[in-house]
Enquirer: 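Next up is a structure, given as structure tokens.
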Amino acid sequence: MFDVIIAGCGPTGAMLAAELRLHDVRVLLLEKETEPVSFVRIVGLHIRSIELMAMRGLLDRILEHGRKRPAGGFFAAIAKPAPEGLDSAHTYLLGIPQPVIVRLLEEHAIELGAQVRRGRAVAGFEQDDEGVTVELANGEQLRARYLVGCDGARSTVRKLLGVGFPGEPSRTETLMGEMEVGVSQEEVAAKVTEISETHKRFWLRPFGKGVYSVVVPAAGVSDRAEPPTLEDFKHQLRTIAGTDFGVHSPRWLSRFGDATRLAERYRVGRVLLAGDAAHIHPPIGGQGLNLGVQDAFNLGWKLAAQVRGRAPETLLDTYQAERRPVAGDVLDNTRAQMGLLSTEPGPQAVRRLLTELMDFDEVNRRLIEKITAIGIRYDFGEGPDLLGRRLRDIDVAKGNLYGLLHRGRGLLLDRTERLTVRGWSDRVDHLADPTAALDVPCVLLRPDGHVAWIGDDQQDLDDHLSRWFGNPTN
């Protein structure tokens with residue numbers, strides 16, 4: 001008997017398992033693949049995801065395997081630098097091989113006590129008032145109190161659950177891969193500059209010595225059901241650029257479409273969805289992995305509280321209420337970005353206009369905050385603008401704020417030195433620090449780093465502690 005079974009051991013599933021284990025929840029990860037993926041695809045961690053890794057003490061380990069890049073030029077590949085003074089201590093994109101980030105997160109979950117079983121595919125399940133019986137493809141049956149589908153865009157859990165996945169099918173196909181080139185960097189750069197004036201879904205970007213990320217339209221290429229070949233890339237490069245740049249030795253080759261879909265519900269009873277199982281969108285802007293990891297951070301502490309009998313009645317429902325609108329916004333901004341990549345005169349006119357508007361700091365800042373997820377504000381009711389937002393990693397008496405959040409507990413940061421979390425001290429920490437770099441008296445942080453309360457009144461604080469962390473123990 002497990003507390004939670006997670007279908008899918010990708011970044012979302014592994015991160016969720018680790019978050020649950022911080023609260024001693026018995027977790028089993030089921031992964032249908034027998035071995036981790038072998039192809040090396042570079043993915044990017046945006047600012048908010050980097051902050052979350054810092055909150056759990058993972059960032060130093062991850063930085064060893066990544067490469068920092070400037071935090072700009074994300075929106076529709078419009079080449080504008082990030083505005084100065086972004087509200088974070090980590091204003092960069094971290095490029096990292098996807099197999100590496102998956103491995104590091106899985107190792108983190110296992111170190112905390114999660115179990116992982118590979119070659120185990122979910123074939124069916126039934127839920128009742130007490131839990132979920134999960135049937136595997138080999139006929140084995142397992143029992144858990146909750147099941148979470150983190151099993152990707154073609155999620156078996158979502159389909160078996162009968163949750164609708166409305167949206168738009170793919171209309172535009174694009175080839176993407178990483179490979180070596182046989183010409184000089186100067187020659188590549190000159191040709192890309194020339195071609196990108198008219199073809200926005202075309203680029204070659206360096207990813208290490210001699211290795212490039214290559215993106216070209218897939219129109220006219222072999223059946224979309226078949227994996228692309230190096231010859232497909234060469235053909236498209238010659239068609240558009242007049243040269244194939246001598247590309248060779250591919251690390252990985254893939255194609256993607258612009259399908260956008262959002263699950264109608266994130267929870268049905270004791271079964272929940274997270275990551276690509278709940279939402280899909282084009283990879284433009286590099287938000288997909290980040291969105292799933294952030295789902296896991298939002299869900300983990302809430303589901304743990306439910307399992308341990310500490311959750312307020314509606315706490316688990318806030319997962320969908322908070323994260324589904326965020327996914328909807330990502331779907332919208334990727335729709336807009338894909339439109340801006342069109343070579344048609346209308347979209348190109350809009351692109352030129354937006355390029356001009358991004359010279360205004362407020363416009364550029366808004367788009368960067370949207371892509372990197374640092375602009376998210378959950379609706380916690382009326383209050384100061386900081387309420388519902390994440391708090392940056394500020395200086396505190398004991399070092400830095402995120403260093404106090406490694407255990408996945410709530411935190412009262414108290415500049416008045418006269419408040420208390422008595423009754424909730426088994427799940428909420430208290431730091432009395434009049435020197436904390438805050439312009440408000442006190443803040444109550446949830447385990448995901450979002451500000452749940454601002455003020456200096458003990459009774460008001462107690463009400464909000466009960467709202468987010470359940471009844472006091474004494």
Enquirer: For the residue pair A153 and I280, what are the closest heavy atoms and their distance?
Expert: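 Scanning both residues completely, I find the closest heavy atoms to be CB-CG2, 3.4 Å.
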Enquirer: Check for a donor-acceptor pair, side chain of E31 on one end and backbone N or O of C9 on the other, with a separation under 3.5 Å.
Expert: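 Such a contact is found between E31 side chain and C9 backbone.
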Enquirer: Which atoms form the tightest heavy-atom contact between D3 and D24, and what is the distance?
Expert: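 Scanning both residues completely, I find the closest heavy atoms to be OD2-O, 4.4 Å.
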Enquirer: Heavy-atom distance under 4.5 Å between the side chains of E168 and R335, does that happen here?
Expert: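 They are in contact (side-chain heavy atoms under 4.5 Å apart), so the answer is yes.
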Enquirer: Walk me through whether W468 and F380 qualify under ring pair (Phe, Tyr, Trp, His ring centres under 6.0 Å).
Expert: CA-CA 11 Å; W468 294 109; F380 293 170; 4.8 Å; yes
Enquirer: The criterion is salt bridge (charged side-chain N to carboxylate O under 4.0 Å, His left out); which residues satisfy it with R351, sequence neighbours excluded?
Expert: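 If we apply the salt bridge (charged side-chain N to carboxylate O under 4.0 Å, His left out) test to R351, skipping adjacent residues, there are no hits.
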Enquirer: When the side chains of residues 69-77 are checked against the rest of the protein, which donor-acceptor pairs come out under 3.5 Å, sequence neighbours left out?
Expert:
none

Enquirer: For the pair R120 (side chain) and L136 (backbone), establish whether a donor and an acceptor sit closer than 3.5 Å, ignoring hydrogens and angles.
Expert: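 Not at all, since once roles are kept as given, no pair shorter than 3.5 Å links the two residues.
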Enquirer: Ignoring hydrogens and geometry beyond distance, is a side-chain donor-acceptor pair present between Q294 and S49 at under 3.5 Å?
Expert: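 Side-chain D/A pair, Q294 to S49: present.
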Enquirer: Sequence neighbours left out, what passes salt bridge (charged side-chain N to carboxylate O under 4.0 Å, His left out) with R409? Give chain and number order.
Expert: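 Applying salt bridge (charged side-chain N to carboxylate O under 4.0 Å, His left out) to R409 gives D429.
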Enquirer: Answer yes or no: is there an ion pair linking R56 with E19, defined by an N-O contact shorter than 4.0 Å?
Expert: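 Yes, this pair counts.
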Enquirer: Tell me, yes or no, whether the heavy-atom count around E126 atom CD, taken from other residues, nucleotides or ligands under 6.0 Å, exceeds 12.
Expert: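 Counting neighbours around CD of E126, 12 or fewer heavy atoms of other residues, nucleotides or ligands fall under 6.0 Å, so no.
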Enquirer: Below 4.0 angstrom, N of the basic side chain to O of the carboxylate: do D385 and R389 qualify?
Expert: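 A salt bridge links D385 with R389.
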Enquirer: With heavy-atom distances below 4.5 Å as the criterion, would you say the side chains of L404 and K398 are in contact?
Expert: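 Counting from C-beta outward, L404 and K398 do come under 4.5 Å.
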Enquirer: Which pairs would a plain distance check flag for residues 436-455, meaning a side-chain donor or acceptor within less than 3.5 Å of a matching protein atom at least two apart in sequence or in another chain?
Expert:
residue: R446; atom: NE; partner: D448; partner atom: OD1; Å: 3.2
residue: R446; atom: NH1; partner: E322; partner atom: OE1; Å: 3.4
residue: R446; atom: NH1; partner: E322; partner atom: OE2; Å: 2.9
residue: R446; atom: NH2; partner: E322; partner atom: OE1; Å: 2.9
residue: R446; atom: NH2; partner: D448; partner atom: OD2; Å: 2.7
residue: D448; atom: OD1; partner: H450; partner atom: N; Å: 3.3
residue: H450; atom: ND1; partner: G388; partner atom: O; Å: 2.9
residue: H450; atom: ND1; partner: R390; partner atom: N; Å: 3.4
residue: W453; atom: NE1; partner: D460; partner atom: OD2; Å: 2.8

Enquirer: Is there a side-chain contact between L86 and R392, using heavy atoms and a 4.5 Å cut-off?
Expert: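 When only atoms from C-beta onward are counted, R392 and L86 do not touch, as no gap falls below 4.5 Å.
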Enquirer: Taking the side chain from R158 and the backbone from G164, do they hold a donor-acceptor pair closer than 3.5 Å?
Expert: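 Flag not set: sc R158 to bb G164 has no pair under 3.5 Å.
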Enquirer: Between S213 and E178, is any side-chain donor less than 3.5 angstrom from a side-chain acceptor?
Expert: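 Result is no, nothing qualifies.
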Enquirer: More than 12 heavy atoms of other residues, nucleotides or ligands under 6.0 Å from CZ of R154: yes or no?
Expert: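 No, because the 6.0 Å sphere around CZ of R154 holds 12 heavy atoms or fewer from other groups.
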Enquirer: Please tell me if the side chains of D426 and R310 come closer than 4.5 Å, counting only heavy atoms from C-beta onward.
Expert: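 SC-SC contact between D426 and R310 confirmed.
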Enquirer: Cation-pi check, R427 to F469: give yes when NZ or CZ is under 6.0 Å from the six-membered ring centre and within 45° of the ring axis, no otherwise.
Expert: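 Not satisfied by the 6.0 Å and 45° rule.
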Enquirer: Could you tell me whether the side chain of V307 reaches within less than 4.5 Å of the side chain of Y146, counting heavy atoms only?
Expert: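 The answer is yes, as the side chains (C-beta and beyond) meet within the 4.5 Å cut-off.
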Enquirer: Give a yes or no on this: more than 12 heavy atoms of other residues, nucleotides or ligands lie within 6.0 Å of atom CD of E35.
Expert: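 Open: at most 12 neighbouring heavy atoms sit under 6.0 Å from CD of E35.
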Enquirer: Donor-acceptor check, side chain of T372 to backbone of I368, threshold 3.5 angstrom: yes or no?
Expert: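 The answer is yes, because a donor-acceptor pair under 3.5 Å joins these two groups.
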Enquirer: Taking atom CZ of R366 as the centre, does the number of heavy atoms from other residues, nucleotides or ligands within less than 6.0 Å exceed 12?
Expert: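 No, not enclosed.
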Enquirer: Is the closest basic N to carboxylate O distance between E130 and R270 below 4.0 Å?
Expert: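 No, E130 and R270 are not salt-bridged.
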Enquirer: State which residue, out of L52, I50, L104, L105, fulfils the side chain to side chain contact (heavy atoms under 4.5 Å, CB included) condition with L58.
Expert: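 That would be L105.
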Enquirer: Should we count CZ of R118 as having more than 12 external heavy atoms under 6.0 Å?
Expert: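 Atom CZ in R118 is crowded, with more than 12 foreign heavy atoms closer than 6.0 Å.
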Enquirer: Salt bridge (Lys or Arg N to Asp or Glu O under 4.0 Å), that's the test. Do E140 and R117 meet it? Break it down for me.
Expert: CA-CA 12 Å; E140 182 181 1; R117 297 183 189 174; 3.5 Å; yes
Enquirer: Against P282, only a single residue in T334, T174, L341 fulfils side chain to side chain contact (heavy atoms under 4.5 Å, CB included); can you say which?
Expert: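 Answer to the side chain to side chain contact (heavy atoms under 4.5 Å, CB included) test with P282 among T334, T174, L341: T334.
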Enquirer: To check you understand the geometry: which heavy-atom pair defines the closest contact between D361 and P83, and what is its length?
Expert: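 Scanning both residues, the minimum pair turns out to be OD1-CB, 3.3 Å.
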Enquirer: Mind running side chain to side chain donor-acceptor pair (under 3.5 Å) on Y378 and R323 for me, showing each step along the way?
Expert: CA-CA 9 Å; Y378 297 137; R323 294 304 297 171; 3.0 Å; yes
Enquirer: Got a salt bridge between D359 and K80, using NZ or NE/NH1/NH2 to carboxylate O under 4.0 Å?
Expert: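 Salt bridge flag = yes for K80 with D359.
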Enquirer: Can you tell which of E51, E369, R48 makes a side-chain hydrogen bond (donor to acceptor under 3.5 Å, both in side chains) with S88?
Expert: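 One option only clears the test, and that one is E51.
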Enquirer: Got a sec: does the CD of E417 have more than 12 other heavy atoms crowding it under 6.0 Å?
Expert: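 Yes, enclosed.
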Enquirer: How about L465 and V428: do any of their side-chain heavy atoms sit closer than 4.5 Å?
Expert: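 The answer is yes, as the side chains (C-beta and beyond) meet within the 4.5 Å cut-off.
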Enquirer: When you compare the side chains of K302 and T318, does any donor N or O come within less than 3.5 Å of an acceptor on the partner?
Expert: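 Looking only at side-chain atoms, T318 and K302 do form a donor-acceptor pair, the distance falling under 3.5 Å.
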Enquirer: Using the ring of each side chain (for Trp, its six-membered ring), is H90 parallel, tilted or perpendicular to Y92, with breaks at 30° and 60°?
Expert: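 Geometry flag for Y92 against H90: perpendicular rings.
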Enquirer: Evaluate the criterion side chain to side chain contact (heavy atoms under 4.5 Å, CB included) for residue pair I371 and H46; output intermediate values, then yes/no.
Expert: CA-CA 8 Å; I371 294 289; H46 281 306; 3.7 Å; yes
Enquirer: Which heavy atom of A296 sits nearest to which heavy atom of M15, and what is that distance?
Expert: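 Heavy-atom minimum between the residues: CB-CB, 3.9 Å.
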Enquirer: Going by salt bridge (charged side-chain N to carboxylate O under 4.0 Å, His left out), name the residues that satisfy it together with E135, two or more places apart in sequence or in a different chain.
Expert: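 Once residues adjacent in sequence are excluded, E135 has no partner under the salt bridge (charged side-chain N to carboxylate O under 4.0 Å, His left out) criterion.
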Enquirer: What I'd like to find out is whether the side chain of L262 reaches to under 4.5 Å of the side chain of R324, using heavy atoms alone.
Expert: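 Heavy-atom side-chain distance check passes, below 4.5 Å.
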Enquirer: The test is salt bridge (Lys or Arg N to Asp or Glu O under 4.0 Å); show your working for R201 and D258 and say whether it passes.
Expert: CA-CA 12 Å; R201 284 190 298 122; D258 58 351; over 6 Å; no
Enquirer: Determine whether a donor-acceptor pair (N or O, by modelled atom type, separation under 3.5 Å) exists between the side chain of T473 and the backbone of G423.
Expert: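 At least one qualifying donor-acceptor pair exists.
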Enquirer: Identify the two heavy atoms, one from L112 and one from A18, that lie closest to each other, and give their separation to 0.1 Å.
Expert: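 Reported closest heavy-atom pair: CD1-O, 3.5 Å.
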Enquirer: For Y319 together with W301, are the ring centres under 6.0 Å from each other?
Expert: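 For W301 and Y319, the ring centres are not under 6.0 Å apart.
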Enquirer: According to salt bridge (charged side-chain N to carboxylate O under 4.0 Å, His left out), who are the partners of R377, at least two apart in sequence or on a separate chain?
Expert: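 Residues passing salt bridge (charged side-chain N to carboxylate O under 4.0 Å, His left out) with R377: none at all.
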Enquirer: I'd like to know if the side chain of D276 and the backbone of C150 have a donor-acceptor N/O pair within less than 3.5 Å.
Expert: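 No; zero donor-acceptor contacts below 3.5 Å.
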Enquirer: Of all heavy-atom pairs between R267 and Q320, which one has the smallest distance, and what is that distance?
Expert: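 Heavy-atom minimum between the residues: N-OE1, 3.9 Å.
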Enquirer: Measure from the side-chain N and O atoms of S254 to the backbone N and O of M176, and report whether any donor-acceptor pair falls under 3.5 Å.
Expert: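 Yes; at least one donor-acceptor contact below 3.5 Å.
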Enquirer: Should V271 and V132 count as side-chain neighbours, where that means a heavy-atom distance under 4.5 Å?
Expert: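 V271 vs V132: side chains touch.
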Enquirer: Around atom NZ of K32, are there more than 12 heavy atoms from other residues, nucleotides or ligands closer than 6.0 Å?
Expert: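 Counting neighbours around NZ of K32, 12 or fewer heavy atoms of other residues, nucleotides or ligands fall under 6.0 Å, so no.
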